[in-house]
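A quick write-up on the structure given underneath.
Atoms considered below: every heavy atom in the structure, side chains included; atoms not considered: hydrogens, waters and symmetry mates.
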Amino acid sequence: MQYRHLGNSGLKVSAVSLGSWLTYGGYVANENAVNTILKAYDLGINFFDTANVYMRGEAEKVVGKAIKAFPRESIVLSTKVFFPMGDGPNDRGLSRKHIMEQAEASLKRLDVDYVDLYYCHRFDPETPIEETLRAFDDLIHQGKVNYIGVSEWTAAQITEAAHIADEKLLNHFVANQSQYSMLYRRIENEVIPVSAAHGVSQVCWSPLAQGVLTGKYKSVNDVPAGSRAAEQSGSVHRFLTAENLNKVAQLQKVAEELDISMAQLALAWILRQDNVASTVVGASKPEQIIDNAQSADITLDKEIIDKIDAILAD
């Protein structure tokens with residue numbers, strides 16, 4: 001396993017990390033979830049990601065149970081705050097009240113004294129960034145959080161937060177959890193260069209485009225039984241188009257030439273970016289995490305990257 005610094009911090013995280021969105025606490029049997037986390041750790045993965053909103057806290061409980069098997073200092077644990085956790089007007093967002101209450105609730109569900117990385121799960125236009133930064137800064141000083149990050153913030157929002165942190169002498173964000181894959185490249189033009197300038201790393205989610213980049217979907221109208229596209233509505237269908245499947249078929253040939261899986265090719269392609277600290281995979285069984293973890297040791301040369309870019313540009 002390869003380890004990379006998270007932003008300008010001294011913290012090192014595994015290039016492949018394990019998430020729990022759409023998997024743990026509901027869609028995947030808890031036993032499978034725990035076994036997958038245990039296998040990930042055996043493979044050198046030290047970075048485990050969850051959020052309070054995933055299955056309204058149930059994912060945090062599953063992750064908390066599994067990580068009891070590891071020395072706490074050997075793992076990097078992240079969770080998030082922003083989305084509604086109740087029906088009240090203050091049960092959402094990035095106000096000081098919501099952040100402080102949800103931090104305590106997450107620590108209780110995870111059954112830990114601190115989390116290593118605490119994310120703003122989205123940007124909150126109703127709360128001043130300084131209020132959010134001060135709440136996060138206090139959590140760091142209280143020893144409940146080690147590092148802070150954001151998720152899906154724009155380049156302008158990341159810049160503003162960095163300037164406020166400088167001016168007010170507050171702790172800086174070191175990570176941006178962003179959607180990034182061969183089929184979704186929006187962060188490349190602005191977010192990555194701005195993040196790099198401010199010491200913020202990308203932690204990429206949905207690197208396999210909801211499973212479309214595994215190569216398991218051969219046709220828009222013929223999806224495998226038991227697959228996410230067959231059982232769930234949502235973002236997977238945004239990627240499941242004839243155009244994308246044609247690209248995946250061509251990419252599959254590149255993977256075969258390299259004697260690696262399609263998923264490994266997709267993950268290695270993301271990890272070519274210097275600003276990417278880790279890519280979050282959502283394995284639901286141990287066999288998947290074994291395949292995913294191996295991508296950290298795959299280096300794509302310029303010829304292969306150029307070939308991939310040509311396919312994606314079509």
Side-chain angles (χ1 to χ4, degrees), residues 1-3 13-51 54-55 58-59 62-63 65-67 69-70 75-78 177 179-184 203-218 223-232 234-236 239-240 244-245 248 251-252 254-256 258-271 276 278-298 300:
M1 179 54 62
Q2 183 187 124
Y3 300 91
V13 296
S14 51
V16 175
S17 45
L18 183 61
S20 55
W21 178 55
L22 292 182
T23 48
Y24 305 155
Y27 295 116
V28 175
N30 286 358
E31 183 179 356
N32 274 353
V34 170
N35 287 339
T36 302
I37 292 171
L38 296 176
K39 175 54 69 173
Y41 184 82
D42 287 343
L43 295 167
I45 290 174
N46 74 342
F47 193 8
F48 298 92
D49 179 73
T50 188
Y54 297 164
M55 302 304 294
E58 293 305 309
V62 173
V63 171
K65 177 182 177 182
I67 64 173
F70 318 137
I75 65 168
V76 177
L77 178 63
S78 64
Q177 189 166 117
Q179 184 175 181
Y180 185 48
S181 73
M182 288 175 163
L183 302 179
Y184 191 89
V203 177
C204 302
W205 62 275
S206 197
L208 301 178
Q210 303 295 296
V212 173
L213 284 168
T214 63
K216 66 183 174 183
Y217 299 110
K218 306 303 181 185
V223 298
S227 67
R228 186 171 294 168
E231 295 185 352
Q232 302 173 25
S235 56
V236 61
F239 296 111
L240 198 58
N244 281 343
L245 292 181
V248 172
L251 292 166
Q252 183 75 61
V254 176
E256 290 169 0
L258 298 174
D259 196 26
I260 60 177
S261 71
M262 180 60 225
Q264 288 171 343
L265 180 69
L267 296 174
W269 180 86
I270 286 174
L271 292 172
V276 171
S278 187
T279 181
V280 186
V281 298
S284 58
K285 49 190 176 183
E287 308 89 82
Q288 290 176 333
I289 198 63
I290 293 171
D291 184 83
N292 293 164
Q294 292 171 348
S295 64
D297 298 319
I298 297 170
L300 305 177

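- Tyr3 places no side-chain N or O within 3.5 Å of a backbone atom of Asn46 that could act as its donor or acceptor partner.
- How far OG of Ser261 is from CG of Leu213: 11.0 Å, rounded to the nearest 0.5 Å.
- Contact between Leu300 and Ala268 at its shortest, heavy atoms only, is CD1-C, 3.9 Å.
- Counted by atom type alone, Gln264 and Asp291 present one or more donor-acceptor pairs between their side chains at under 3.5 Å.
- Considering only heavy atoms from C-beta on, Asp49 stays 4.5 Å or farther from Leu18 through its side chain.
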Full working for side chain to side chain contact (heavy atoms under 4.5 Å, CB included) between Ile289 and Ile37: CA-CA 9 Å; Ile289 198 63; Ile37 292 171; over 6 Å; no
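- Rounding to the nearest 0.5 Å gives a distance of 6.5 Å between CG of Leu258 and CG of Leu265.
- Rounded to the nearest 0.5 angstrom, Thr214 OG1 and Gln252 CD are separated by 8.5 Å.
- Using a 4.5 Å heavy-atom cutoff, the side chains of Gln288 and Thr36 are not in contact.
- Annotation for Gly44 and Ser14: closest pair O-CB, 3.9 Å, computed over non-hydrogen atoms.
- Distance check: Gln210 CD to Tyr217 OH gives 8.5 Å after rounding to the nearest 0.5 Å.
- Minimum heavy-atom separation, Val248 to Met262: O-SD, 4.2 Å.
- In terms of modelled atom types and a separation under 3.5 Å, the side chain of Gln2 and the main chain of Ala296 share a donor-acceptor contact.
- Between Gln177 and Val203, the closest side-chain pair of non-hydrogen atoms falls below 4.5 Å.
- Across all non-hydrogen atoms, the minimal contact from Ser295 to Leu271 is O-CD1, 4.3 Å.
- Nearest heavy atoms, Val276 versus Ile270: CG2-O, 3.8 Å.
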Audit row: Ser181, Leu208, side chain to side chain contact (heavy atoms under 4.5 Å, CB included) steps and yes/no: CA-CA 6 Å; Ser181 73; Leu208 301 178; over 6 Å; no
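- The main-chain N or O of Gly215 is found under 3.5 Å from a side-chain atom of Lys218 such that the two form a donor-acceptor pair.
- To the nearest 0.5 angstrom, Lys39 atom NZ is 4.5 Å from Ile290 atom CD1.
- No side-chain heavy atom of Phe47 sits under 4.5 Å from any side-chain heavy atom of Val16.
- Between Ala40 and Phe48 the shortest heavy-atom distance is CB-CE2, 4.0 Å.
- Counting heavy atoms from C-beta outward, Met1 and Asp297 have side chains that stay 4.5 Å or more apart.
- Taken from CG in Leu267 to OG1 in Thr279, the straight-line distance is 5.0 Å, to the nearest 0.5 Å.
- Aromatic pair Trp269/Tyr180: centroids less than 6.0 angstrom apart.
- Counting heavy atoms from C-beta outward, Ile67 and Tyr41 have side chains that stay 4.5 Å or more apart.
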